[in-house]
Amino acid sequence: MASSRRQYPFHLIEPKWQQTWDAQQAFRAFNPGEEIPASHPFAIRHGADSMSREKVAGRKAPAKYYILDMFPYPSGTGLHVGHPEGYTATDILARYRRAGGFNVLHPMGWDSFGLPAEQYAVKTGQHPRVTTEANITNFTRQIKSLGFSYDWSRELATTDVEYFKWTQWIFLKLYNSYFDAEKNCARPISELIENRKSQIYNESAESLRAFVDSKRLAYVSEAPVNWCPELGTVLANEEVIDGKSEVGGFPVIRKPMRQWMLRITAYAEKLLADLDTIDWSDSLKEMQRNWIGRSEGAEVDFLVAGSGEIIRVFTTRPDTLFGATYMVLSPEHKLVAEITAPEQMQAVEDYKRFAAGKSDLERTELAKEKTGVFTGAYAINPVNGEKIQIWIADYVLASYGTGAIMAVPAHDTRDFEFAKKFNLPILQVVQPNDAKTDWQNFTDDGTAVNSGFITGLPTPEAKTKITLWLEEKNLGKKTINYKLRDWLFSRQRYWGEPFPIIWKKDAAGNLYHEALPESALPLLPPTLEDYKPTPGGEPPLARAKDWLNLPDGSVRETNTMPQWAGSCWYYLRYTDAKNAQSFVGKDAENYWMASPDSRPRTPDPKSTPGVDLYVGGTEHAVLHLLYARFWHKVLFDLGHVSTPEPFYKLVNQGLILGEDGQKMSKSRGNVVNPDDVLAEYGADAFRLYEMFMGPLQDTKPWNTRGVEGVYRFLGRVWRLFVDEKSETAFEQAETTSDLGSRRSESAEDHAFTSAAAELLDLILLDGGIADMDATPAQLKALHACIKKVTEDLDGLRFNTAISAMMVFVNEAMTWQSKPLSVLKPFLQLLAPFAPHLAEELWARLHSTFGQMAPSLPYAPWPKFDPSLLFESEIEIPVQVNGKFRDVIKVAVDADNATIEVLAKASEKAQPFLAGKTIKKVIIVPKKMVNLIVA
RNA sequence: GCGCGCGUGGUGGAAUGGCAGACACGCCAGACUUAGGAUCUGGUGCCGAAAGGCGUGGAGGUUCAAGUCCUCUCGUGCGCACCA
């Protein structure tokens, strides 16, 4: 507890205003067609009918501003100081936009499916829902105590039945769609079936099903997956870091399993191209581009000598084809067994076992040393008919390209290392343009040599020419490859959305899947006693036999969806959170996601609005943000949403480190708990400090001393407004009550707040405050502050905006008389940052002067008047030979001749001018003057 | 290895190519005070008594003028990593 005196009674002020905002639903956002209570401050500013359908359709309704935080996973440990950093930034902007006349959508919710609650359930048997709800309650209390202006009427949790019903519904859309390569978009599966039926007459049901199932955006695959024994589930590639699980750091092994996949690769090109239309940081876009990993090249067919087999390779350097001196297949390549010579069979089998036994981690760690064996088979190089050896090696990945390569050791580092180790021939086919550079292991562009018909061509032309040649001879073709893999979408867990899928057997006894109808949604998970996987290794859902087995003999899918599913579309649900008929209403979605406003959009002025600003951590750079974009694009193709991109502008808030400059962690003991900071300094100081620390995007260390600094600033604001003597009286009265020692536990603590209000009434305004004309100096201080704060808010420069307010207050503290007309706009500037204190002083200011206080959050944002900042006389620096020497005062409109005369006469410049000739004078009007002497 | 970002006082950080260090922390001195870990006033990049000199990781360059632009280099953080 604070041992020093409070700077101001934030402990009474903050609960009071939080309760007021709650009571009047001050931050509720209104949808098109929604009736607005006449007493609501939004109605008072914009009119009760301002959101009528007619006005929205006619673009007469207030412009929308959708500002979103990445919703948190409600963990058992509660909020840490990193969470509120982004939340504070978005709250300040939400309040600023509200004051600017926008209809602001600023919601909050919970990404509440997830592993920790399930692991707790496995240990204790407590249903994850119970754990989750308790955690949500705690998070809600913490978030509300910070005074954020969320529209809580739109709160959602991904674990809500009414929410995941629609997550399942979207899954059905994916299941029942395919990607039409010609139209370059997703289409309903029914169209595919129609086409197929018109082309193939009398196809068997089994054959048609197999065809259709192979085209769905959600499909079943039998491929090897990342299995984590410790977590008892498979993981997506993105969730595996260096061969270990991202969560927990447990070993991950490759294991073939039947899994649900989402065909995100179909969208690789769109996901890549549309990055250019959105305003994200370059580094983030780059991460997504890297992840998608587009590379242009060619596929080339090599004939296996003495057999009819063809090995297809992918290369980005077809121009080096003449230098291909051997080939490598991945150990898993399907032709390995067929082509291997009898005498090499044993060695190849041994190597395959060796490679398969390696975990992903070992593969990465052992990457330094190349391994492989000769198959005994030869291929024919299609350009020159050379016979070259075929090897297998695990430096060639089965999962990329065709799983086979042509090796050009002269111009590829990996092939070079391999050839060196195994004494394979190295043939130069590219000449570096710089003659001094060694051609061995030269991988850049140069000029083709020893390359038949492309010899002499620069690399780019050589590529084009040889690719055309290959296409003519039907030996290969231009190809684009992506690193991006399809999204592994199933998990062997309990606490996730069940798949609305059942399994049946056809006449031949083969299993096939079928989707439940939409009317069967939501599909609830069964109640379990035990949340562990079954002894047979089946997912926990398989334990519920009566849920699992249906009367007609079919069986439910026992996998559940990954945590990412719920976060793929929550931003859409917020626009119409209570809709029971649809995942989101058309009008609401269209208004919040697609209605344009006048603010400039930087990458592309015509880019779609989407969420206007999305703030969250970098940890979601490739996972959530790529998945959500993918779902959004599918929904867009199918006509369910209005824009191709979900998030127009995205900002990653920087990490907050502990006071020791290390990442905060329990083990280091450097975790700062917001509850403690709030108890000692209040929410406003906490918010202000989080923003004052430095630029939002930067990583920066926490420093409690710094909190004290902004806390003192708020204390100065308080003392700028209140009468000191009355404050003493207030403090004495407070000591005799019990309110000094306790803090309101919740915004519903009415007894506390009404007693607090009574106490606060003892505080009077400073006698210097009056309804009087402001002096020019006062107006100038105010308008300089308005200008700076407004511009900085537009540029998300919260730290410098706060510093501008400090400058203003430091000056205002010296004023004897304080005009209302200056203090009120200042409070408006302060309000987004420190809303509780601003509200309290705003109310007091108006009541003291017998005025009705307009709602502060909806009071129009002050405009700065440039004429008030006009200076008739300015100081400009005088330089001699570029070095600063003196300052001269000149009229703002002084001509160059006058400036030159004054500069030459300036006192401190004299010693540097004495005895020298002035050769040149450079004058930048209103900026500086530079005297060049010999 | 590749890609991206960042290097400014004791600290967090400010600076459309034009007076480097706004604002804040810390520190020093003073005022008020029974007291100060409250508040207020002044000071505070480094060297120097001063005049002045030197200063934005380092080295070059462009410019009348560079923390800012260019080249190289070192350090650091993040991301990717046998992706053919």
Side-chain angles (χ1 to χ4, degrees), chain A residues 2-7 241-242 281-291 293-295 297 313-317 320 328 330 363-364 366-368 370 393-397 399-408 411-415 417-418 443 481-485 618 621-622 652 654-655 661 688-689 692-695 697-710 712-713 715-716 719 724 788 797 799-807 810 813-814 875-887 908 911 919-924 926-932:
Chain A
S3 50
S4 59
R5 180 173 171 268
R6 272 192 197 93
Q7 288 275 350
I241 315 275
D242 290 338
S281 73
D282 289 340
S283 67
L284 199 91
K285 287 184 180 182
E286 204 52 36
M287 277 193 241
Q288 293 227 336
R289 286 193 194 105
N290 280 343
W291 195 265
R294 181 186 199 273
S295 63
V313 303
F314 174 71
T315 176
T316 54
R317 293 295 300 270
T320 61
V328 186
S330 69
R363 272 200 175 193
T364 325
L366 300 174
K368 284 146 201 130
K370 296 271 180 295
D394 69 355
Y395 82 90
V396 173
L397 309 176
S399 56
Y400 182 75
T402 61
I405 62 157
M406 63 176 206
V408 184
H411 308 294
D412 180 283
T413 304
R414 296 151 301 184
D415 298 344
E417 287 170 0
F418 193 80
T443 57
N481 242 306
Y482 300 92
K483 282 201 282 183
L484 184 69
R485 302 268 72 95
T618 344
V622 281
N652 288 123
L655 204 63
L688 216 54
Y689 177 62
F692 188 61
M693 288 168 84
Q697 292 92 335
D698 288 8
T699 298
K700 46 214 173 272
W702 181 268
N703 178 4
T704 300
R705 296 266 195 202
V707 190
E708 282 169 27
V710 292
R712 284 208 282 262
F713 162 67
R716 281 203 300 281
R719 291 191 298 276
E724 236 179 291
K788 182 78 177 142
R797 293 179 297 266
N799 53 335
T800 49
I802 293 166
S803 122
M805 289 189 284
M806 287 173 167
V807 171
N810 287 347
M813 291 299 275
T814 66
E875 288 189 336
I876 64 171
V878 177
Q879 296 178 0
V880 179
N881 282 352
K883 275 189 185 287
F884 167 74
R885 295 300 175 187
D886 204 354
V887 172
K908 290 186 182 153
K919 286 172 53 182
K920 196 174 173 187
V921 178
I922 292 153
I923 295 172
V924 182
K926 298 183 196 179
K927 285 282 185 199
M928 51 70 62
V929 49
N930 193 2
L931 306 172
I932 311 301

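So that the names make sense, note that chain A is the first sequence line, chain B the second, and so on, each numbered from 1.
- Checked against rA24(B), rC80(B), rC64(B), the side chain of Phe692(A) finds its nearest nucleotide in rA24(B).
- Ile932(A) comes within 4.0 angstrom of the backbone, heavy atoms only, and of no base.
- Nucleotide rA38(B) holds its P atom 8 Å from the CD atom of Glu708(A), rounded to whole Å.
- Atom NZ in Lys483(A) sits roughly 15 Å away from atom P in rC2(B) (whole-Å rounding).
- Taking the side chain of Asn810(A) as heavy atoms from C-beta on, and the options rA24(B), rC25(B), rC4(B), the nearest nucleotide is rA24(B).
- Side-chain proximity of Met813(A) to rG52(B), rA15(B), rC40(B): nearest is rC40(B).
- Between the side chain of Asp886(A) and the main chain of Val878(A), no donor-acceptor pair closer than 3.5 Å is present.
- Rounded to a whole angstrom, the distance from the C1' atom of rC70(B) to that of rG77(B) is 24 Å.
- Annotation: cation-pi geometry satisfied between Lys370(A) and Tyr395(A) (NZ/CZ under 6.0 angstrom from ring centroid, within 45° of ring axis).
- For Arg885(A), taking side-chain heavy atoms from C-beta onward, the closest of the listed nucleotides rC23(B), rG18(B), rG53(B) is rG53(B).
- Distances shorter than 4.0 Å separate some side-chain N or O of Arg719(A) from OP1 or OP2 on rC40(B).
- Between rU73(B) and rA29(B), the distance separating the two C1' atoms is 45 Å to the nearest Å.
- Taking only side-chain nitrogens and oxygens, Lys883(A) comes nearer than 4.0 Å to OP1 or OP2 of rC54(B).
- Side-chain contact annotation: Tyr689(A) with Asn703(A), donor-acceptor N/O pair under 3.5 Å absent.
- Between Glu875(A) and Lys700(A), the residue anchored closer to the 5' end of RNA chain B is Lys700(A), taking for each the nucleotide with the nearest heavy atom.
- With rounding to whole Å, Asp412(A) atom CG is found 6 Å from rA84(B) atom C1'.
- For Arg317(A) (side chain) and Thr443(A) (main-chain N/O), a donor-acceptor pair under 3.5 Å exists by modelled atom type.
- As rounded to whole Å, 17 Å separates atom P of rC4(B) from atom CD of Gln288(A).
- Atom name P, nucleotides rG7(B) and rA15(B): the rounded distance is 12 Å, in whole Å.
- Residue contacts for Ser281(A): at a heavy-atom cut-off of 4.0 Å it reaches no nucleic acid atom on any strand shown.
- Comparing Met287(A) and Phe884(A) by the nucleotide of RNA chain B that holds the closest heavy atom to each, the one mapping nearer the 5' end is Phe884(A).
- Side-chain N or O atoms of Thr618(A) include none that pairs as donor or acceptor with a backbone N or O of Ala621(A) at under 3.5 Å.
- A 3.5 Å limit on both hydrogen-bonding distances identifies rC47(B) as the Watson-Crick or G-U partner of rG52(B).
- As judged by a 4.0 angstrom heavy-atom cut-off over every strand, Asn799(A) is placed among residues touching the sugar-phosphate backbone only.
- Nucleotide rC25(B) forms a Watson-Crick or G-U wobble pair with rG10(B), both donor-acceptor distances falling under 3.5 Å.
- Across all strands, Pro695(A) comes closer than 4.0 Å only to sugar-phosphate atoms, never to a base (heavy-atom distances).
- One interatomic measurement links the two molecules: CE of Met406(A) to P of rA84(B), which rounds to 12 Å at whole-angstrom precision.
- Across the C1' atoms, rU62(B) and rU68(B) are found 13 Å apart, a figure rounded to whole Å.
- The Val396(A) side chain lies nearest to rA84(B) when the options are rC23(B), rC19(B), rA84(B).
- Checking rU39(B), rA24(B), rC82(B) against every side-chain atom of Arg712(A), the shortest atom distance belongs to rU39(B).
- Remark: rG30(B) base-pairs with rC40(B). Criterion, Watson-Crick or G-U wobble with two distances under 3.5 Å.
- When heavy atoms are screened at a 4.0 angstrom cut-off, Arg716(A) is found touching the sugar-phosphate backbone but no base atom.
- The listed nucleotides are rC64(B), rC4(B), rA24(B); the one nearest the side chain of Asn930(A) is rC64(B).
- Base orientation of rG9(B): syn, the glycosidic angle falling within 90° of 0.
- Distance from the side chain of Thr316(A) is smallest to rA84(B) among rG26(B), rC23(B), rA84(B).
- The gap from the C1' atom of rG26(B) to that of rG45(B) amounts to 15 Å, rounded to the nearest Å.
- Across all strands shown, Glu286(A) has heavy atoms under 4.0 Å from sugar-phosphate atoms exclusively, and none from any base.
- For the pair Asn703(A) CG and rC25(B) C1', the computed distance is 6 Å after rounding to whole Å.
- rG1(B) and rC80(B) make up a base pair, with Watson-Crick or G-U wobble contacts both under 3.5 Å.
- The listed nucleotides are rG13(B), rC23(B), rA84(B); the one nearest the side chain of Val807(A) is rC23(B).
- Rounded to whole Å, the separation between the C1' atoms of rG17(B) and rC69(B) comes to 8 Å.
- When the side-chain nitrogen and oxygen atoms of Ser295(A) are compared with OP1 and OP2 of rA84(B), one or more of them lie within a distance under 4.0 Å.
- For Thr315(A), the listed nucleotide lying nearest its side chain is rA84(B); candidates were rA84(B), rA14(B), rC19(B).
- Without hydrogens or angle criteria, Lys700(A) side chain to Pro695(A) main chain gives a donor-acceptor distance under 3.5 Å.
- Following rounding to the nearest Å, Ile802(A) (CD1) and rC25(B) (P) show an atom-to-atom distance of 13 Å.
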